[in-house]
Amino acid sequence: MSDELIFPCNFVIFGATGNLATKKLLPALYRLEEARRLPDGMNFMAQGRRDWDDDAWRSHVKTLLQEKLHDKYDEGVCERFNARFSYIRGELHDVELYRNIKADLGKPKMGAGSNVVFYLSIKPTDFQSVIKNLDLSGLSQPRGLHRMVVEKPFGEDIESAQALNRLLHEHFDEQQIFRIDHYLGKDTVQNLLVFRLANTLIEPLWNRNFIDHVQITVAETMGIENRADYYDKTGAMRDMLQNHLMQLLTVVAMEPPPVLDADALRDEKVKVLRSIRPISKRSVHAHAFRAQYAQGTINGEHVPGYQMESGVEPKSMTETYAAAKFYIDNWRWRGVPFYLRTGKRLAEAKSMVAIRFRHPPQQLFRSAPQDAISPNWIVLSIQPEESMRMEVHVKQPGLEMNTRVISLNASYRQEGEAQLDAYETLLLDVINGDRTLFIRFDEVEWAWRVVDPILKSWAQERDFIHTYRAGSWGPQEANRLFDSEDQEWRNYL
Ligand code: BG6
């Protein structure tokens, strides 16, 4: 968010050869290099388990950037970027690794005595070991100096999240901790706030008097790639819904904050989470739905079912699709259902927030039954299309007084405007110490409180899970969440 660099630092990436670093972090850091936003003298240390030296690492970076960026790849930028890196081999549970990191950070090249960002791009099960080892090797001292970036999911339920937070606080101050949820770094997610709070046209309609229900969809066509080890223990609820989708929900539903600073914004988000009606054990079935993909076809290609993916337990009951219905019991939203769904191997990659408005109090133009029941929608598409769409009724040209629905469409980005991934913004914020777009612990805690009863109930259903065909829009049975017959999932923009 902020423009100026104020924290010259070195940057240690734990898990630098993993999926997240490969897909998101390294390309984002490269783009910051390209935009000349990385300060002179800033260096990166990449930790991995592979038996590589600096050269092997650099050629790995080059290859992955070429594959990812195609014609946007620039050899000169890559060389500049690669020159900042050193590779450090070691096991996360081995304190020797951390002693070596400490020794390397002390070398003149790294700017002795400078600040360090530790980025935990690793499996949540390894967080504890890294935090303890940083401390044992003296890397968490002096307190208040270094920064620590923790990826989601933060814990696997409320108790483990609290334990992880306590552990972090034993060694780091809250100002040093950056709990990341990269959805908050997406331009189109930040645009939700601007759309709502900078337009007097919209804000008065944004409540229970006008809105029938809200749908939040994050659909992916990809499967679990090579992440079975992480995903099979995690599932769609913990991987996506508890964090990314809940964050989207808070941004859609929160009250305007008094100012746009980190705490004011997060206070409002917490109020939303605290107002979500708790789901009792008995009502889990009416409020949540899980399923797993079976084999099918994606983009013309046959893909295996989840249980056949390499590394997945043959009878795994892990969900790859999760849907939930929440009510926010406050003045603005009481009675308005928020339907959230996410899934892998769905028909299309599409993330959007769709708001359906109520019917007008009187149907004057009852020309055709269909028209009579088409309500207004506002659809804010987050990715891959970045757009805002409003569906309204107009008169059909002609002699009769018939109506039809048209959509007012606006593309979010204008031609030629660069499209950044969320990580560029967030990485700059870490460097600059701006925590506005990072998660405060009470947000994590309240989000777990909401989904924990669902996860507990699912954990008891050990021998059955619904399935859906890969390439479909998910299981029909998920429709049972809807409150009324005229509500259904909106799969198109
Ligand atoms: C990550 C999840 O947090 O978000 C992945 O662990 C998911 O499973 C990814 O694929 C989606 O992010 P994006 O930015 O590609 O929508």
Side-chain angles (χ1 to χ4, degrees), residues 19-20 23-25 119-125 127 148-165 168 177-186 188-190 192 216-220 224 227 230-231 233-254 262 265-266 268-270 272-274 276 279 288 290 318-324 326 328 338-344 351-353 382-383 421-423 425-426 429-430 435-455 458:
N19 181 281
L20 171 68
K23 280 184 67 177
K24 303 267 193 196
L25 290 184
Y119 199 112
L120 304 194
S121 173
I122 51 177
K123 288 200 301 268
T125 41
F127 287 171
M148 168 68 95
V149 188
V150 190
E151 273 286 343
K152 46 114 309 235
F154 195 94
E156 59 182 41
D157 54 18
I158 192 160
E159 288 84 17
S160 57
Q162 286 164 338
L164 174 59
N165 204 46
L168 273 169
I177 304 170
F178 290 71
R179 297 177 198 85
I180 204 163
D181 184 312
H182 78 275
Y183 266 58
L184 290 181
K186 290 183 191 282
T188 42
V189 173
Q190 291 167 36
L192 286 171
I216 300 178
T217 298
V218 177
E220 298 182 287
I224 53 161
R227 299 161 76 212
Y230 155 76
Y231 197 89
K233 293 187 196 71
T234 307
M237 179 62 94
R238 291 186 174 95
D239 183 48
M240 299 289 287
L241 202 142
Q242 186 270 349
N243 33 77
H244 301 328
L245 280 88
M246 291 296 263
Q247 282 296 322
L248 289 173
L249 176 141
T250 59
V251 174
V252 171
M254 69 182 225
L265 197 75
R266 296 186 290 184
E268 296 306 332
K269 291 202 283 168
V270 167
V272 172
L273 294 168
R274 290 183 67 166
I276 295 181
I279 296 173
R290 67 169 185 170
T318 300
E319 78 285 357
T320 59
Y321 176 101
F326 298 125
I328 302 171
F338 281 68
Y339 301 108
L340 278 56
R341 66 173 166 164
T342 182
K344 300 235 177 250
S351 303
M352 60 187 174
V353 175
I382 292 164
Q383 61 185 30
D421 189 39
Y423 274 93
T425 310
L426 297 175
D429 283 353
V430 172
R435 291 158 66 235
T436 314
L437 296 178
F438 293 81
I439 312 292
R440 209 166 59 186
F441 183 63
D442 49 356
E443 294 179 69
V444 177
E445 215 172 12
W446 280 103
W448 279 123
R449 209 159 270 161
V450 172
V451 304
D452 261 5
I454 304 175
L455 285 165
W458 286 354

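Here, residue 1 is the first one in the sequence, and each next residue gets the next number. Only a predicted model underlies this, so the values are computations on that prediction, with no experimental measurement involved.
Taking CE of M237 as the start and CD of Q242 as the end, the distance is 9.0 Å to the nearest 0.5 Å. With rounding to the nearest 0.5 angstrom, the OG1 atom of T234 is 9.5 Å from the CD atom of E319. The OG1 atom of T250 lies 7.5 Å from the CD1 atom of I439; values are rounded to the nearest 0.5 Å. Remark: D157 CG to D452 CG distance equals 5.0 Å, nearest 0.5 Å. Taken to the nearest 0.5 Å, the CG atom of L241 stands 9.0 Å off from the CG atom of L249. How far CE of M240 is from NZ of K344: 6.0 Å, rounded to the nearest 0.5 Å.
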Next on the checklist: Let's go through R341 and T217 carefully: what are the C-alpha distance in whole Å and the side-chain angles of both, what is the deciding distance for side-chain contact (heavy atoms from CB on, under 4.5 Å) to 0.1 Å, and is it a yes or a no?
Outcome noted: CA-CA 5 Å; R341 66 173 166 164; T217 298; 3.0 Å; yes

Next on the checklist: Assess the residue pair T342 and Y321 against the criterion (side-chain contact (heavy atoms from CB on, under 4.5 Å)); give the C-alpha distance rounded to whole Å, side-chain angles, the decisive distance to 0.1 Å, and a yes or no.
Outcome noted: CA-CA 6 Å; T342 182; Y321 176 101; over 6 Å; no

Next on the checklist: I'd like to know whether N243 forms a side chain to side chain donor-acceptor pair (under 3.5 Å) with R179, so could you lay out the CA-CA distance, the side-chain angles of the two residues, the decisive distance to 0.1 Å, and finally the verdict.
Outcome noted: CA-CA 11 Å; N243 33 77; R179 297 177 198 85; over 6 Å; no

Next on the checklist: Before you tell me yes or no, could you show the steps for L437 and Q190 under side-chain contact (heavy atoms from CB on, under 4.5 Å), namely the whole-Å CA-CA distance, both residues' side-chain angles and the distance that decides it to 0.1 Å?
Outcome noted: CA-CA 9 Å; L437 296 178; Q190 291 167 36; 3.4 Å; yes

Checklist entry - So V272 and I328, side-chain contact (heavy atoms from CB on, under 4.5 Å) or not? Walk me through it. => result CA-CA 7 Å; V272 172; I328 302 171; 4.0 Å; yes

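The closest side-chain heavy-atom distance from L265 to M254 is below 4.5 Å. The shortest distance between side-chain heavy atoms of D442 and L273 does not fall below 4.5 Å. In this structure, the side chains of V353 and V251 stay at 4.5 Å or more apart for every pair of heavy atoms. Side-chain atoms of I177 and F438, non-hydrogen and from C-beta on, never get closer than 4.5 Å to each other. Under the 4.5 Å side-chain criterion, counting only non-hydrogen atoms from C-beta, I180 is in contact with Y423. In this structure the side chain of E443 never reaches within 4.5 angstrom of the side chain of M246, judged on heavy atoms.
Between Y183 and H244, the two ring planes are parallel [angle under 30°; tilted spans 30° to 60°].
Within the 3.5 Å criterion, the main-chain N or O of G155 finds no donor-acceptor partner in the side chain of S160. At least one donor-acceptor pair closer than 3.5 Å links the side chain of R266 to the backbone N or O of A262. Using a distance-only test at 3.5 Å, with no hydrogens or angles considered, no donor-acceptor pair links the side chain of R440 to the main chain of R435.
The side chain to side chain donor-acceptor pair (under 3.5 Å) check on H182 picks up nothing, with sequence neighbours excluded.
Aromatic rings of F154 and F441 (six-membered ring for Trp) have centroids within the 6.0 Å cut-off, being under it.
Across all their heavy atoms, T320 and A236 have their closest contact at C-CB, 3.7 Å. Annotation for Y230 and P153: closest pair OH-CD, 3.4 Å, computed over non-hydrogen atoms. In plain terms, the two heavy atoms of L184 and K269 that are nearest each other are CD1-NZ, 3.5 Å. Closest of all the heavy-atom pairs between W448 and R238 is CH2-CG, 3.8 Å. Counting all heavy atoms, side chain and backbone alike, E445 lies closest to I158 at O-CD1, 3.6 Å. Residues D239 and K152 share a closest heavy-atom pair of O-NZ, 3.0 Å.
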